Amino acid sequence: MTRPVAQPFTEFRARDRVRALLDPGTFREILDPFARVESPHLALQGIVPQGDDGAVIGRGTIDGVSAVVVALDGAFQGGGIGEVSGAKLASSLEQAVNDNRNGTPTRAVILLETGGIRLQEANLGLLAISEIHSAIVELRSFGPVVGVVVGTVGCFGGMGIAAGLTSHLIMTRGGRLSLNGPEVIETEAGIEELDSSDRAGIWAMIGGAQRVAIGQAETLVDDDADAVAAAVRDVYRTAPATAVPARSTRIAAGRRLLAAVDPTGRPTPTDIRNLSTGGSL
Amino acid sequence: MQTISIDYPAAEKLSRPVHVGAVSSGDLEIIMIPLPGGSTATVALRTSVDGFDTIWRRVLDRFFAESALVAHYEINDFGATPGMVSLRLAQALEIAREDPDAGQTTTTGGAR
């Protein structure tokens, strides 16, 4: 018996990722590359812009229900959020809020492949990220907001917070999630603090397997397009039966974990797993 | 960043917009927009690497001498080699000539 060849989801670019998560034939792009709504700031700083500014906004259906699926293109400027790409994300999520309010249940899936703010447009990117955060929190009251972090870039900075705000986060082993990226920490705090070339150590700390083990992500999935699509559908098929309070509302548990960690020591990834499941160091 | 604009005479009609590639290290993006009723291919190129005008013109001259579509070509380059540029141009042409009813109108070119 032959097994169909797996299609690694990480080898799909943003547009194909969005298409893969929507019901076949329903993908309709808002502000596609032909609209040429590109960054007005990059060319002035000598950087070649991209026609879609690195953000793909897809409308369609998931299991027949209206949906918006948005994706950041990690290949362009590290998936960084600029004025245009940020506005595309924020507006499409706000439109989903309006659709839900006006009686059209609309699902929201966010594919995060981003280093966070695009530094060339820092203030405008920050503003957009705050709008994205607000929209995610508001969307949660209508149903699960699903985040997907598969790599290869990972998800960092203000968009790491966006991932934390989702109702349900799907990751692969190769996906990484954190606030400051390893290279930034090494640059700012020195190699004694963190060796960013220690790949095994980095993934053990902020990789998908660890994030799921310590309850900061919900589903660990293989790097396979069908598996990721199935994981997204599963969230909606099992909701609300499996609904639990969103991660970001479990403040007491977060406080307990913070209080248990000794910042003068060096807790290992295993220590953090033990602590987050109620054990002690 | 350098900007280069060139026009070529063209006759073949483009029926729908085409998009290939990405502004990603060693790669480029090509956006083709139809120009109904026109008779030229207008190329607007932006490249992250300055000073390669002559090579760009040679690569583009060769391509458009053989297959110019009546369209506005927007090329956003992030350090692609001439070979890569030729491959993306050929890919865009292939998609432009596909049956519009056969499938998707844009592609990001699969794996990277």
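Because the structure is a prediction, the values reported are computed rather than measured. Chain A is the first sequence line, chain B the second, and so forth, proteins listed ahead of strands; every chain is numbered from 1.
Inter-residue side-chain proximity for B/F78 and A/Q77 is flagged as met; some heavy-atom pair is nearer than 4.5 Å. At least one side-chain heavy atom of B/I33 sits under 4.5 Å from a side-chain heavy atom of A/R36. Two residues are said to be in side-chain contact when any heavy atoms from C-beta on lie closer than 4.5 Å; A/R15 and B/H19 meet this criterion.
Heavy-atom contacts from other residues, nucleotides or ligands closer than 6.0 Å to CG of A/D222 number 12 or fewer. Residue-environment remark: CZ (B/F52) stays at or below the threshold of 12 foreign heavy atoms within 6.0 Å. Dense packing is recorded around CG of B/D50, with more than 12 heavy atoms of other residues, nucleotides or ligands lying under 6.0 Å away. More than 12 heavy atoms of other residues, nucleotides or ligands lie within 6.0 Å of CZ in A/R233, so this atom counts as buried by the packing criterion. More than 12 non-hydrogen atoms from other residues, nucleotides or ligands lie less than 6.0 angstrom from CD of A/E183.
Of all residues spanning residues 39-48 of chain B, those with a heavy atom less than 4.5 Å away from chain A's heavy atoms are B/R46, B/T47, B/S48, arranged by number. Within residues 69-76 of chain B, the residues that have a heavy atom under 4.5 Å from a heavy atom of chain A are B/H72, B/E74, B/N76, listed by number.
In this structure, the side chain of B/E29 does not engage the main chain of A/Q50 through any donor-acceptor pair within 3.5 Å.
With a 4.5 angstrom heavy-atom cutoff, A/P49 touches chain B via backbone and side-chain atoms both. For chain A, the nearby part of B/D77 is the backbone; its heavy atoms alone come within less than 4.5 Å.
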